[in-house]
Amino acid sequence: MSTTETAVAPLTTQDAEALLQAARAAAEAAGVTAAISVLDAGGHLLAFRRDDRAVLIAGETSTRKAFTALQLDAPTADLVDAVQPGGVFHTLPTALDRPLLFLAGGVPVHRDGRLVGAIGVGGGAPEQDHGIATTALATLG
């Protein structure tokens, strides 16, 4: 870090829990039984919740959406077309410890312009998941 750069606070467990609770409230308001994952900048799971009525795979889906948003520093909703045949990520190698998932519902978390984590939501339609994640992110401040 140069002397002109300032440190950016990492995403804390408290931040992750706040995101999780905001996403949970948004999912309930939308009538979606969801799983929610919040990762820090290193891809470590800080918070997770799966609605008892959500299918089991929703948990893995939410984590993979968050991981994809984190690795590519972009909302997964913006990447869907990129993985279609002819898209820029169509042949993206998967040399990561877990595969990427290009479905709407993963959103990177930035603080002072720097990537500090990501939130992923799974369980609803991709557009619903994306809306829940962005609603939660807006509450972080």
Side-chain angles (χ1 to χ4, degrees), residues 1-52 54-141:
M1 183 180 328
S2 74
T3 56
T4 59
E5 292 182 37
T6 57
V8 174
L11 194 64
T12 65
T13 304
Q14 185 176 4
D15 294 331
E17 287 295 329
L19 281 168
L20 186 106
Q21 292 306 321
R24 178 181 176 205
E28 287 177 1
V32 174
T33 55
I36 303 145
S37 299
V38 180
L39 307 178
D40 69 8
H44 305 102
L45 189 62
L46 288 180
F48 174 80
R49 180 189 185 279
R50 184 182 62 81
D51 186 298
D52 290 340
V55 295
L56 290 176
I57 193 67
E60 177 64 18
T61 301
S62 68
T63 303
R64 287 177 55 194
K65 287 179 180 183
F67 185 72
T68 302
L70 180 68
Q71 291 300 308
L72 299 175
D73 193 9
T76 55
D78 296 349
L79 302 169
V80 174
D81 289 339
V83 294
Q84 301 303 318
V88 293
F89 293 144
H90 180 61
T91 58
L92 183 70
T94 341
L96 303 167
D97 63 342
R98 61 179 85 119
L100 302 177
L101 184 61
F102 293 93
L103 291 173
V107 180
V109 178
H110 293 94
R111 182 171 281 151
D112 296 329
R114 296 198 188 138
L115 183 64
V116 295
I119 181 171
V121 178
E127 301 77 24
Q128 290 174 306
D129 293 346
H130 179 73
I132 293 164
T134 56
T135 297
L137 186 59
T139 67
L140 192 57

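Here the structure is a predicted model, which is why all the values come from computation and not from measurement.
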To the nearest 0.5 Å, what is the distance between CD1 on Ile119 and CG on Leu20? 7.0 Å

Closest contact, heavy atoms only, Thr61 versus Gly122: CG2-CA, 4.4 Å

Checking Leu115, Leu19, Asp15 against Val109 for side chain to side chain contact (heavy atoms under 4.5 Å, CB included), the one that qualifies is Leu19

Minimal heavy-atom distance between His130 and Ala104, with the atoms involved, is CB-CB, 3.9 Å

If you take all heavy atoms of Ala30 and Gln128, which pair is closest and at what distance? O-NE2, 4.3 Å

What is the minimum heavy-atom distance between Pro108 and Leu137, and which atoms define it? O-CD2, 3.6 Å

Under 3.5 Å, is there a donor-acceptor pair between the side chain of Arg111 and the main chain of Ala9? yes

Between Asp129 (side chain) and Pro126 (backbone), is there a donor-acceptor pair under 3.5 Å? no

Once you round to the nearest 0.5 Å, how far does CG of Leu39 lie from NZ of Lys65? 13.5 Å

Using 0.5 Å steps for rounding, measure from the CZ atom of Arg64 to the CG atom of Leu70. 15.0 Å

What are the two closest heavy atoms between Ser37 and Leu45, and how far apart are they? CB-CD1, 3.9 Å

Using 0.5 Å steps for rounding, measure from the CZ atom of Arg24 to the CD1 atom of Ile132. 13.0 Å

Kindly give the heavy-atom pair with the smallest separation between Phe48 and Ser62, and that separation in Å. CE1-OG, 3.9 Å

Using a 3.5 Å distance criterion without hydrogens, assess whether the side chain of Thr76 forms a donor-acceptor pair with backbone atoms of Gly105. yes

Working to the nearest 0.5 angstrom, can you tell me the gap between His110 NE2 and Leu140 CG? 12.5 Å

Would you give the length of the straight line joining atom OG1 of Thr12 to atom CG of Leu46, rounded to the nearest 0.5 angstrom? 8.0 Å

